[in-house]
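Okay, structure first, notes after.
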Amino acid sequence: MSSNSAKLEIKSLTDNIGLARVTVASFAAQLDFTLSEIEEIKVAVSEAVSNAIIHAYHNDEGVIEIGMAINNHRLIITIKDYGQGISDIEQARQPSYTTADRMGLGLVFIDSFMNDLEVDSKLQEGTKLKMVKIPEKSQKKAT
Amino acid sequence: MSSNSAKLEIKSLTDNIGLARVTVASFAAQLDFTLSEIEEIKVAVSEAVSNAIIHAYHNDEGVIEIGMAINNHRLIITIKDYGQGISDIEQARQPSYTTADRMGLGLVFIDSFMNDLEVDSKLQEGTKLKMVKIPEKSQKKAT
Amino acid sequence: MSLEIEREGVNLIVRVYGDLDLHTVDNLRMEIEDRLDQEVGIKNMILNLEDVDFIDSSGLGFIIGRYKRISNHGGELKLINVKNSINKVFELSGILKIVDVFPSEREALKAV
Amino acid sequence: MSLEIEREGVNLIVRVYGDLDLHTVDNLRMEIEDRLDQEVGIKNMILNLEDVDFIDSSGLGFIIGRYKRISNHGGELKLINVKNSINKVFELSGILKIVDVFPSEREALKAV
Ligand SMILES: Nc1ncnc2c1ncn2[C@@H]1O[C@H](COP(=O)(O)OP(=O)(O)O)[C@@H](O)[C@H]1O
Ligand SMILES: Nc1ncnc2c1ncn2[C@@H]1O[C@H](COP(=O)(O)OP(=O)(O)O)[C@@H](O)[C@H]1O
């Protein structure tokens with residue numbers, strides 16, 4: 001599989017967090033990820049979708065778009081909401097920082113489980129996370 | 001779960017048939033389906049997506065849209081392509097009828113595994129299948 | 001999706017692992033045909049579906065195709081261990097009228 | 001997602017089945033808190049995660065919450081059987097510095 005893409009659109013309901021995880025994991029399986037890498041991808045998706053539900057939409061109705069792409073043997077996942085937005089992205093990415101009495105570990109987990117994370121956000125417009133995961137096996141091959 | 005909806009957009013690649021099955025099955029699990037009903041839903045999705053890839057797009061590039069909805073404790077799945085279209089829908093739904101040296105059982109399987117199937121098609125514009133599946137458990141409750 | 005092929009006398013035992021759908025049947029078909037072309041004196045085929053979790057009409061088409069090639073040469077095709085989850089597709093298709101199903105490879109080998 | 005709660009002396013054994021995420025933790029939290037409110041004389045909690053396949057930071061938050069309530073009352077929280085698939089989340093979070101993990105309920109019961 002050298003190139004492919006898919007898009008999943010869900011409502012901001014906690015019922016759909018598992019759906020997002022399963023869909024992205026199934027798409028990711030087209031690359032040569034280990035089971036443990038697939039688990040890491042699932043955590044990252046779960047964190048990003050949970051954040052959209054809680055922080056972006058405050059448990060109100062909203063749409064979450066999940067883009068999946070395989071490009072050059074890399075998995076690229078984008079998770080986009082049209083909610084509140086983040087005022088200070090630097091701060092949001094710090095361990096333990098939370099505005100909702102949670103763990104403050106969501107973005108930290110995404111950061112450590114994926115090879116790359118970009119956060120793009122505008123207040124009142126929404127947030128887009130772009131994360132990249134490269135199978136360890138193909139990284140070794142490349143060197 | 002009384003109402004929810006989601007949408008999956010995939011490319012017309014056989015690699016994505018499993019993805020479509022897994023996603024719809026995971027969404028369907030929000031209703032009280034038995035494992036055997038989930039299997040039936042998977043077969044229906046697999047047939048519809050395979051048809052879009054082979055018959056609608058003839059293995060060329062194209063987009064397939066998979067809509068999932070829960071409404072009134074029913075699962076509604078729509079599968080839409082923008083491909084060749086079906087000239088005679090009646091005929092296409094007959095057992096053993098095929099234009100591609102296949103089994104001619106795809107639409108028959110969908111018909112028998114789902115509670116309802118509507119086929120909508122226009123030549124050169126595309127085909128939309130709408131299928132409904134109602135959990136047997138809730139059917140019993142209703143009577 | 002993977003395949004294991006083993007020869008036992010005039011019988012070819014084929015074990016399929018994974019899903020049988022449009023995506024997987026092409027490779028399986030080629031692997032099996034290659035093997036049939038290479039081996040001399042194969043008569044029957046035993047198709048072990050113990051580890052197949054999913055099958056649709058494309059997967060059925062694959063089985064019917066193997067059935068045709070084998071029976072055209074006077075051989076028999078036997079199926080092993082059709083799981084509950086894929087049983088309905090078999091029943092609905094009528095394939096069980098032309099192909100026998102056995103609980104194990106040993107019993108299928110006895111029957112050919 | 002389901003829950004099994006059993007009392008053994010001053011210990012509450014809680015067995016979780018399924019995924020621990022934002023969707024499931026609310027119900028789990030309520031069920032456990034209800035039970036803690038009903039029972040008299042519970043001191044420690046043994047949280048059996050043998051059948052948990054997935055956990056994220058919301059699931060961790062749930063465990064930390066239980067830890068706080070139990071340790072506020074002078075009790076101890078022990079975890080059982082953290083699967084490989086969910087291990088990384090535990091390691092990364094630092095939770096293993098405050099909560100001990102045991103291979104079985106028996107060994108956890110011995111340790112409290
Ligand atoms: N999609 C989002 N929309 C708005 N704010 C967000 C979003 N994602 C994260 N944030 C902000 O960043 C903070 C840190 O996020 P995170 O590291 O995931 O921790 P937590 O979810 O536990 O608070 C959140 O508390 C919130 O203020
Ligand atoms: N999405 C579609 N686009 C165009 N034609 C279709 C589509 N789905 C089905 N058909 C037509 O209907 C016929 C019967 O379909 P089906 O019952 O699924 O059997 P099979 O796929 O084995 O041919 C196909 O051979 C094709 O001509």
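Bear in mind that the values here come from a model prediction, so they are computed numbers and not experimental data. Note on naming: letters A, B, ... go to the chains in the order of the sequence lines (proteins, then strands), and numbering restarts at 1 for each one.
- Heavy atoms of other residues, nucleotides or ligands lying less than 6.0 angstrom from CG of A:D88 number more than 12.
- By the neighbour-count criterion of 12 heavy atoms within 6.0 Å, atom NZ of A:K130 is sparsely surrounded, having that number or fewer from other residues, nucleotides or ligands.
- The local environment of CG in A:L35 is sparse, with at most 12 non-hydrogen atoms from other residues, nucleotides or ligands closer than 6.0 Å.
- Contact count against chain B (heavy-atom pairs under 4.5 Å) is highest for A:S5 among A:G18, A:A25, A:S5.
- No more than 12 heavy-atom neighbours from other residues, nucleotides or ligands sit within 6.0 angstrom of CZ on B:R74.
- Atom CZ of A:F27 sits about 6.5 Å away from atom CG of B:N16, to the nearest 0.5 Å.
- For the pair B:L8 and A:K7, the minimum side-chain heavy-atom distance is 4.5 Å or more.
- By the 6.0 Å contact criterion, CD on A:E90 is open, its count of non-hydrogen atoms from other residues, nucleotides or ligands being 12 or less.
- At distances below 3.5 Å, at least one donor-acceptor pair connects side-chain atoms of B:Q30 with backbone N or O atoms of A:D15.
- Contact between B:L13 and A:S3 at its shortest, heavy atoms only, is CD1-O, 4.3 Å.
- Looking only at side-chain heavy atoms (C-beta outward), A:T23 and B:V22 stay at 4.5 Å or farther from each other.
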